[in-house]
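First comes the structure, then the notes that go with it.
Here is how names work: the chains are called A, B, and so on, in the same order as the sequence lines, proteins then strands, and each is numbered from 1.
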Amino acid sequence: MLNRKKYLISAVVVIILQLVIADLLTVRLVRPDFILIYILYISVWEGRLWGIIVGFVLGLFMDFVGVATYFGLSSLSYSIFAYLAGYLHGRYSKWPPIGFHLYGAGVIVIHFLFQLLITSQHILTSNPQVFWARVFFTAVYSLSFVIITNLFLPLGTED
Amino acid sequence: MRSLYFVILRRKDHLTFIIAVVLSTIILFSGTTSEIQNLRIKVNRFFSFTRFPIIWMESKRALEGQNSELRERNIQLKLLLESMRHLEEENQQIRALLDFQRESHFTLVPATIHGKGITTTLSSFTIDVGYQDGIDINDPVVISEGVVGKTVLVGEHSSIVQLISDPDFRLSVRVVPYGAVGILSWSGNNKCDVREVPKSARINIGDLVYTSSYSDIYPPKLPVGKVTAIYDERGSFQKRLTVETFYNIGTLQYVFVIIENNVK
């Protein structure tokens, strides 16, 4: 069962991290997505159901505080992300570690690809190289923070 | 009924996913109502306090650099002032002779950036001025180096600015000196694409790009950037230009909102 108090406190910490620290880590207007990392952990540790609920709520929050356009996109993309990431729940001991981590990385790439396909369609049609470079850079930047977090707090520990 | 309950219970994660997707899609396609917009303004205003330490640190660092730069410029300007005084007198005499009307300028409202959102790409920010300060929706937001964006949501004492880096942002621009007109959109890394430029238009690398006179929002002749690349696409009747802005959008701290345009 979800430890509500623990997750609520960590959600507040993650939101503060995203609001304060992410801006300091901006590289070429791209920031790390700590909320995505949080949803990944919730989905893997607690399963799809909680992942989708947390993803939807935090996505809606992000849309409120963040972007000027595409209101509702973050809740949609985080819900899809949580659904896909939730497949890893309870599979760390069953899958080979490389497969487990590659699936997680793939889901992160899919998340950014989905978001950028909607927000930056014109770049894909006009300059595909720039578009794919943006998908790659945005995904890799957040992925590097997942790797760092995973060193201290392995995704497979809840199995 | 009982079996349906068990199906729902067994498939609750799939069901939650479908509900979340449907709800998000409805929100995405229904657009934002004025109630939601007001709520967003309030939420943004509330969370702007989290940026206070960063604003303070950035301001302190920027002020130190600006201070030494300003001291140097102060001396240069003092020298310029003397020669300009003489020129002003001469200018007034000539204006009087030609019966020119004095040119009005924009009415600008200075603003501090309070929040830069939390999305992975920087496409909007919150400023500390709202309708109490005379700001309205679709007011141009600028700095001395060029166009930054426009206001999209306006609250009592804060507003959300859609930045030039938002993938949805479009701007009608004119390339000088030859006057070709095109539509500008962001392409990343302080660079923009200009499309719809006729193939016959004469454009060179380094040409300056300004706002055109076709926009209902932006006054003409506001600087935007300079041309860094020209693409003559085969089979197309149009050219594509790459324009680099004169500033780094990620390092902005202060902006100006044009609330009145009196340029004749």
In Å and rounded to the nearest 0.5 Å, what is the OG to CD1 distance from A/Ser79 to B/Ile18? 12.0 Å

Taken to the nearest 0.5 Å, the spacing of A/Leu73 CG from B/Leu28 CG works out to 6.0 Å

Would you mind checking which part of B/Ser165 comes under 4.5 Å of any heavy atom in chain A, side chain (CB onward), backbone (N, CA, C, O), both or neither? side chain

Using side-chain heavy atoms (C-beta onward) and a distance below 4.5 Å, is A/Phe71 in contact with B/Ile27? yes

For residues A/Tyr83 and B/Val21, determine if any side-chain heavy atom of one lies less than 4.5 Å from a side-chain heavy atom of the other. no

For A/Ile98, is the CD1 atom crowded, meaning more than 12 foreign heavy atoms sit under 6.0 Å from it? no

Crowding at OH, B/Tyr254 (>12 non-hydrogen neighbours, <6.0 Å): yes

Output the distance between atom OG (B/Ser187) and atom CD (A/Gln129), rounded to the nearest 0.5 Å. 12.5 Å

Nearest 0.5 Å, please: how far is CD1 in A/Ile80 from OG in B/Ser24? 8.0 Å

Measure B/Arg11 against the heavy atoms of chain A and call it side chain, backbone, both or neither at under 4.5 Å. neither

Between A/Leu36 and chain B, which part of the residue has a heavy atom less than 4.5 Å away: side chain, backbone, both or neither? neither

For B/Phe256, I'd like to know if atom CZ has over 12 heavy atoms of other residues, nucleotides or ligands within 6.0 Å. no

Between B/Lys12, B/Arg195, B/Lys191, which shows the greatest number of heavy-atom pairs under 4.5 Å with chain A? B/Arg195

Output the distance between atom CZ (B/Phe29) and atom CG (A/Leu76), rounded to the nearest 0.5 Å. 8.5 Å

Could you tell me the separation between the OG atom of A/Ser120 and the CG atom of B/Asp168, rounded to the nearest 0.5 Å? 9.0 Å

